[in-house]
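Below is one structure, written out as structure tokens; comments come after it.
Here is how names work: the chains are called A, B, and so on, in the same order as the sequence lines, proteins then strands, and each is numbered from 1. These numbers come from the heavy atoms of this one structure, side chains and all, not from hydrogens, waters or symmetry mates.
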Protein chains: 2
Amino acid sequence: MAITPIHSSTALLDHLARISRAHTEASLEQVGLRPRQLVALTLLRETGPATQQSLASAISIDRTNLVGLLNELESEGLVARRRAEDDRRRHIVELTEAGASKLTAAEVALARAEAELLHGLDEQERQTLYSLLQRATAGHVVDCTAAMHERASACVEAAGDDPC
Amino acid sequence: MAITPIHSSTALLDHLARISRAHTEASLEQVGLRPRQLVALTLLRETGPATQQSLASAISIDRTNLVGLLNELESEGLVARRRAEDDRRRHIVELTEAGASKLTAAEVALARAEAELLHGLDEQERQTLYSLLQRATAGHVVDCTAAMHERASACVEAAGDDPC
DNA sequence: GTCAATCATTTGTGGTGCACAAACGAATTG
DNA sequence: CAATTCGTTTGTGCACCACAAATGATTGAC
């Protein structure tokens, strides 16, 4: 008989995300980012340049709310919008170098807050958690073919840009 | 040299919690609970009867917001408030049988939505995720001694109440 | 060349959840 | 008896969000 957990992760996810927000908000403020901006920059780094449609889908927000989010990030030079060459209706959004730096700085700033947040877990377990979260969220990214096309040509440029 | 993840879990936690909410809201609505209520009932089950102060701390919400939350849960018979015998200023909040049933029903209803949410993980990984989330959140529960005292006497009554 | 459809934008409304503040009454403590 | 604690009430404002309608630029089908 298959063992399935009778208790669901939903409430705990919600709860931990909320505790996380409380722990990390001061660090994020120091770096000058808000939670939603951090998520957007993180997903943009992971997915690579994307259309607004695919980015909205990846972040799971309404495209009208995405416009405002990108306006803020663009006005700070953290992302850039440019017209797709093959369809000028579309914008391709990409992380700028300033954005990548800011994201790295944010993660450095968050490290201590996150160590506190996850103090009940050891180092190995923290890495397991990150990996599981990454794979769970990766299962929900939707790529439009146009964005995939752009990514193919952007990959070469981005190859030397890995923040590791 | 210790390897520490350069990327933090904060953004992914936030993101997965948000996707989770989108996936599970229909199921929760069917059961007649809101996300915040689910979290409160879940933590109440895990911590046992608690003062409002310790519950607010466990859920990480302002005590003035907790009042409204408990009013809703109490009016539906899902929790009960009673005065602490040794300090009538305090209320002890506990899950009722109706509340425990509703929570179990909610988890059953959420099972499919959660399977979709976590389709990128296998069964073992889902259980690992649950365990890590539980231990990460457990590290943040603050118990007042009065609540602990109440729990000692409530434990015997609750022993036959485990929904497993 | 025209028209329908698409992409992004703008403007707007209303909602949830939340932090924070001030004030209050009941109850406890010293 | 006064200070403190616990919970409550009322209030404000913010971040984030879903949803709707309308618009202009652009593309694609015919």
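Regarding contacts with the backbone of C:dT6, every side-chain N or O of A:Q53 stays at 4.0 angstrom or more from both OP1 and OP2. Here A:Q37 does not reach the OP1 or OP2 of D:dA15: none of its side-chain N or O atoms lies under 4.0 Å away. OP1 and OP2 of D:dT5 both lie 4.0 Å or more from every side-chain N or O belonging to B:R90.
Salt bridge status for A:E94 with A:R82: present, with a side-chain N to carboxylate O gap under 4.0 Å. One finds a salt bridge joining A:R45 and A:E107 here, because a Lys/Arg side-chain nitrogen approaches an Asp/Glu carboxylate oxygen to under 4.0 Å. Between A:R135 and B:E125 a salt bridge is recorded (basic side-chain N to carboxylate O distance below 4.0 Å).
One interatomic measurement links the two molecules: CG of A:L69 to C1' of D:dA15, which rounds to 12 Å at whole-angstrom precision. One can place CG of A:L70 at 7 Å from P of C:dT9, the figure rounded to the nearest angstrom. Here the P atom of nucleotide C:dA19 and the CD atom of A:E29 are 14 Å apart, to the nearest Å. Taking atom CG of residue B:L33 and atom C1' of nucleotide C:dT16, one finds them 16 Å apart after rounding to whole Å. Whole-Å rounding puts the A:H23 NE2 to C:dA19 P distance at 14 Å. Between the CG atom of B:L38 and the C1' atom of C:dT16 there is a distance of 16 Å, given to the nearest Å. In this structure, the CG atom of A:D14 is 16 Å from the P atom of C:dT16, given to the nearest Å. Between the CZ atom of A:R21 and the C1' atom of D:dC16 there is a distance of 8 Å, given to the nearest Å.
Considering only heavy atoms from C-beta on, A:L66 comes within 4.5 Å of A:I59 through its side chain.
When each of A:L16, A:L133, A:L132, A:L118 is paired with B:L132, the side-chain contact (heavy atoms from CB on, under 4.5 Å) condition holds for A:L132 and for no other.
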In B/S/- notation (B base, S sugar-phosphate only, - none; protein heavy atoms under 4.0 Å), nucleotides 17-30 of chain D written 5' to 3' is SBBB-----BS---
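Residue-level contact check: A:N71 touches the backbone only, with heavy atoms under 4.0 Å from sugar-phosphate atoms and none from bases.
Between the side chain of B:T96 and the backbone N or O of B:L78, at least one donor-acceptor pair lies under 3.5 Å.
Toward the 5' end of DNA chain C, the nearer of the two residues B:R34 and A:H91, judged by each one's closest nucleotide, is A:H91.
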Would B:R34 and B:E72 count as a salt bridge (Lys or Arg N to Asp or Glu O under 4.0 Å) here? Give the steps.
CA-CA 11 Å; B:R34 293 203 322 283; B:E72 293 164 2; 3.3 Å; yes
